Amino acid sequence: MPTDAAALACPVCAEPLALQGIGGVPVRECARCAGLWVPGEHFDALVKKAMEAARATPTRGITAVARSSEAATDGAVHYRDCPVCAQPMHRKNFGRRSRIIVDWCREHGTWLDAQELERVAGFVMSGALEQAERTHAETAAAEAAALATRATQPDERQAWILAQTALVGGSSTRAQRDTGTRGAGALIGAFLREMLR
């Protein structure tokens with residue numbers, strides 16, 4: 001990863017990203033489109049700072065910031081390249097259900113388009129992130145319990161195999177199987193005799 005002094009270009013408009021700090025968190029901002037590049041290890045700290053700033057702004061308050069999390073987008077899908085490695089970033093729905101799509105590079109960081117930081121802070125402050133995490137944890141626990149239950153109970157195929165094994169163990173079935181085998185053997189023998197003539 002480049003040092004803080006290394007030049008990076010905006011993934012939206014290719015303008016140079018200016019290094020600056022937001023509440024002591026180092027980010028890079030595009031002067032043209034107002035997007036923010038947040039190095040990977042600083043994203044959570046930046047969200048926390050944005051929430052603190054929103055709480056401290058009496059004219060806006062939590063309700064106004066929460067409303068901004070529902071701001072409309074242009075509806076188009078935009079794939080951004082990471083300003084560090086130039087590889088396409090993943091599009092992630094922040095908090096799994098916020099409808100705030102951020103661009104994320106696993107190795108280097110997160111790109112926030114203009115006003116997305118404010119929308120993320122609003123989503124968190126409204127309590128929706130906590131609810132989303134709780135719902136995700138409950139769903140994961142239910143899926144794990146279902147898998148554990150299925151692992152201890154035979155499925156239909158296993159049940160059929162077990163039933164067939166039990167039937168084969170019976171004497172009447174063994175007699176039928178032996179007769180069937182002799183019949184099949186006789187047919188194969190007759191076929192071979194015909195082939196060898």
Side-chain angles (χ1 to χ4, degrees), residues 1-57 60 62 64-141 143-144 147:
M1 185 164 172
T3 64
D4 287 343
L8 296 177
C10 173
V12 176
C13 56
E15 292 290 317
L17 295 174
L19 182 62
Q20 64 170 303
I22 297 179
V25 178
V27 298
R28 300 208 180 225
E29 183 175 18
C30 179
R32 184 173 181 184
C33 70
L36 289 177
W37 173 249
V38 187
E41 66 274 13
H42 298 297
F43 184 72
D44 290 339
L46 184 63
V47 171
K48 183 178 177 184
K49 292 289 183 184
M51 288 171 45
E52 290 169 1
R55 283 188 187 116
T57 308
R60 298 214 47 200
I62 292 176
V65 176
R67 268 194 223 114
S68 74
S69 71
E70 299 168 3
T73 61
D74 64 2
V77 175
H78 302 283
Y79 287 92
R80 315 279 192 220
D81 289 337
C82 172
V84 177
C85 66
Q87 296 299 309
M89 291 187 278
H90 298 279
R91 293 170 46 81
K92 290 179 64 172
N93 187 356
F94 178 77
R96 296 181 185 89
R97 56 194 297 184
S98 67
R99 296 182 301 178
I100 305 165
I101 307 300
V102 298
D103 301 283
W104 175 71
C105 174
R106 179 186 305 271
E107 299 295 321
H108 301 113
T110 304
W111 175 258
L112 300 168
D113 289 321
Q115 299 179 357
E116 281 184 343
L117 178 59
E118 185 177 65
R119 294 175 61 209
V120 164
F123 180 74
V124 173
M125 290 174 60
S126 71
L129 179 62
E130 185 178 313
Q131 176 61 38
E133 289 175 350
R134 188 169 38 254
T135 300
H136 178 69
E138 290 168 358
T139 301
E143 288 173 356
L147 282 174

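Being a predicted model, the structure only gives us computed values, none of them experimental.
Here the CG atom belonging to L36 is positioned 10.0 Å from the CZ atom belonging to F43, to the nearest 0.5 angstrom. Atom CE of residue M125 and atom CD of residue E118 lie 10.0 Å apart, to the nearest 0.5 angstrom. The line from CZ of R80 to NE2 of H90 is 16.0 Å long, rounded to the nearest 0.5 Å. The line from CG of L117 to CG of L46 is 4.5 Å long, rounded to the nearest 0.5 Å. Between the CG atom in D103 and the CG atom in D113 there is a gap of 6.0 Å [rounded to 0.5 Å]. Atom-to-atom distance recorded for L17:CG and C33:SG is 8.0 Å, nearest 0.5 angstrom.
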(request) Tell me, with the steps shown, if W111 and C10 meet side chain to side chain contact (heavy atoms under 4.5 Å, CB included). (result) CA-CA 9 Å; W111 175 258; C10 173; 3.7 Å; yes

(request) Please test V27 against H42 for side chain to side chain contact (heavy atoms under 4.5 Å, CB included), starting from the C-alpha separation and ending with a verdict. (result) CA-CA 8 Å; V27 298; H42 298 297; 5.9 Å; no

(request) Apply side chain to side chain contact (heavy atoms under 4.5 Å, CB included) to the pair H108 and C85, showing each step before the final yes or no. (result) CA-CA 8 Å; H108 301 113; C85 66; 3.5 Å; yes

(request) Let me see the working for C30 and W37 under side chain to side chain contact (heavy atoms under 4.5 Å, CB included), right down to the final yes or no. (result) CA-CA 8 Å; C30 179; W37 173 249; over 6 Å; no

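Scored by the side-chain contact (heavy atoms from CB on, under 4.5 Å) test, N93 finds S98, I101 as partners (sequence neighbours excluded).
Applying the side-chain hydrogen bond (donor to acceptor under 3.5 Å, both in side chains) rule to pairs touching residues 14-24 yields Q20-E29, sequence neighbours excluded.
Summarising the local packing, CZ of R32 is surrounded by 12 or fewer heavy atoms from other residues, nucleotides or ligands at distances under 6.0 Å. Within a 6.0 Å sphere centred on CZ of R106, heavy atoms belonging to other residues, nucleotides or ligands number 12 at most.
The shortest heavy-atom contact between M89 and D81 is CE-O, 3.5 Å.
Considering only heavy atoms from C-beta on, T135 comes within 4.5 Å of R97 through its side chain.
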